[in-house]
Amino acid sequence: MPTQEHIPQKFIKTPLTVGVVGAGFSGGQPRGGVELGPTRLIEFGLISQLQDLGWTVDFDEKFPNYEHLKPKEADIGKLKNAKYVSAVTQSVSKSVREICEKGAMALTLGGDHSLAMGTISGSASVYKDVGVIWVDAHADINTPDTTPSGNLHGCPVSFLMGLGTPVPEFSWLTPCLPANRIVFIGLRDIDPGEKAILKQHSIKAYSMYDVDRHGIGKIMEMALEYLGEDTPIHLSFDVDALDPTVAPSTGTPVRGGLTFREGHFICERVHETGRLVAVDLMEVNPTLGDQASLVQTVQIGCSLVRSALGETLL
Ligand SMILES: NC(=[NH2+])NCCC[C@H](N)C(=O)O
Ligand SMILES: [Mn+2]
Ligand SMILES: [Mn+2]
């Protein structure tokens, strides 16, 4: 039974359907455990919570297992696991595209943030003018040339934009995200090469300084105005955007992050536009920290998704 009335959705067909991609993949970074994110989110009741909000949930109980895509020689130069990341994100891209083609909302549960190469290329193949709201402590815009770590979860945005030296193994990923179709919110840990890229391409980015200065309400109005009135929106939410006291179980925590309410407000405000077409919830690593940290982080993951799909306080 729907517990509340829905804001009219401009791009999603009724009856409202959400297609869930459980992307248990950790190859874009070195810490194990983030591949268990989707399993835990679902164990904590996410599917039925979305049904309670009135959504039809299209979800294949058996998670896509990506092991069979794992090549023997995975690295390419300093890019760690690049062949593996390429194969998995290509598969995720197809899943997200198929969901969007049906007029359903695509919800991808990560897994590490390299998966966004797949999710955003998938949504952008259906919605050509999609605007991305990227909520993260990090900009994830290192190129193969600038990455200090070689971890591809720090690189998806540059791959989607086609920046830096092309990597032949990623030739399936044609640039689909112009620099003026993304807004960052929550940044506070940017590598020098990333800073230069953000400047050079005049990319719209709100750091935690900006959130403190203007307040999250104003930041969201500016972000939405920047992307335009009619544009479909893809929300890519890295749980490490939240302060580590709020969401501790994540691989690259950075202090000084978004509060519980600021994180939820972003999701609520995006829902309210009626133009959300895809959501990513990334970097929940239920193996980091103690039991209380795990429960707290997984629960907040579920509630962020609910807010993006229409849960309201009143
Ligand atoms: N999705 C993330 N948590 N990304 C963290 C990236 C950290 C760092 N900038 C790197 O390139 O390695
Ligand atoms: Mn991050
Ligand atoms: Mn990220």
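Atoms within each ligand, like the ligands themselves, are counted from 1 in listed order. In what follows, every heavy atom counts, from backbone to side chain, and hydrogens, waters and symmetry copies are set aside. Predicted model only: the values in this text are computed from it and were never measured.
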Closest to the Mn ion (ligand 2), among the N/O/S atoms of Asp136, is atom OD1

OG (Ser91) and CG (Leu69) are apart, to the nearest 0.5 Å, by 6.0 Å

With the 4.5 Å side-chain cut-off for hydrophobic clustering, are Tyr209 and Ile266 part of the same group?
no

*According to the interplanar angle, ranging from 0 to 90°, do the rings of Phe25 and Tyr84 count as parallel (below 30°), tilted (30 to 60°) or perpendicular (above 60°)?*
perpendicular

Hydrophobic clusters here meaning ILVMFWY residues chained together by side-chain heavy-atom distances under 4.5 Å, can you tell me if Leu36 and Tyr66 are in one? no

(message) When you group the ILVMFWY residues by side-chain heavy-atom contacts below 4.5 Å and let the links chain together, are Leu288 and Val239 in the same group?
(response) no

Apply the test salt bridge (charged side-chain N to carboxylate O under 4.0 Å, His left out) to residues Glu221 and Arg269: give CA-CA distance (whole Å), side-chain angles for both, the deciding distance (0.1 Å), then the verdict.
CA-CA 9 Å; Glu221 293 324 300; Arg269 186 66 191 91; 2.7 Å; yes

Ligand 1 atoms nearer than 4.0 angstrom to some heavy atom of Glu283 are 1 (N), 2 (C), 3 (N)

- Query: Below 2.8 Å, any N, O or S contact between Asp112 and the Mn ion (ligand 3)?
  - Reply: no

Closest to the Mn ion (ligand 2), among the N/O/S atoms of Asp238, is atom OD2

- Task: Examine Asp140 and say whether one of its N/O/S atoms is closer to the Mn ion (ligand 2) than 2.8 Å.
- Result: no

Numbered in order shown, the ligand 1 atoms found under 4.0 Å of a heavy atom of Gly154 are 6 (C), 11 (O)

Restricting His138 to its N/O/S atoms, the closest one to the Mn ion (ligand 2) is ND1

query = With a cut-off of 2.8 Å, does any N, O or S atom of Asp240 fall short of it relative to the Mn ion (ligand 2)?
reply = yes

>> Any heavy-atom pair between the side chains of Leu242 and Leu304 that's under 4.5 Å?
In response: yes

among protein heavy atoms, the one nearest atom 7 (C) of ligand 1 is His138 CD2, 4.0 Å

Among Met282, His153, Glu194, the residue with a heavy atom nearest to atom 5 (C) of ligand 1 is His153

* I would like to know whether Asp145 and Thr165 meet side chain to side chain donor-acceptor pair (under 3.5 Å); could you show each step before the answer? => CA-CA 7 Å; Asp145 317 300; Thr165 307; 2.6 Å; yes

Near Asp238 (heavy-atom distance under 4.0 Å), the atoms of ligand 1 are 1 (N), 2 (C), 3 (N)

Among Asn285, Val254, Asp191, the residue with a heavy atom nearest to atom 9 (N) of ligand 1 is Asp191

Asp191 vs His138, test: side chain to side chain donor-acceptor pair (under 3.5 Å). Steps then yes/no.
CA-CA 9 Å; Asp191 299 319; His138 312 93; over 6 Å; no

**Asked** Passes salt bridge (charged side-chain N to carboxylate O under 4.0 Å, His left out), Glu101 versus Lys94? Steps please.
**Response** CA-CA 10 Å; Glu101 276 168 349; Lys94 183 166 170 279; over 6 Å; no

Practice task
Compare all side-chain heavy atoms of Ile99 with those of Asp58 and state whether any distance is below 4.5 angstrom.
Solution key: no

Handout entry: ILVMFWY cluster, Val157 and Val254 together (side-chain gap under 4.5 Å)
Key = no

among protein heavy atoms, the one nearest atom 12 (O) of ligand 1 is Ser149 OG, 2.5 Å

Among the N/O/S atoms of His113, the Mn ion (ligand 3) lies closest to ND1

Nearest non-hydrogen protein atom to atom 4 (N) of ligand 1, with distance, is Asp140 OD1, 2.9 Å

Within Asp189, is some N, O or S atom less than 2.8 Å away from the Mn ion (ligand 2)? no

Atom 11 (O) of ligand 1 has as its nearest protein heavy atom Asn142 ND2, 3.0 Å

The closest protein heavy-atom partner of atom 3 (N) of ligand 1 is Thr252 OG1, 2.9 Å

One finds that the ligand 1 atoms under 4.0 Å from a non-hydrogen atom of Asp240 are 3 (N)

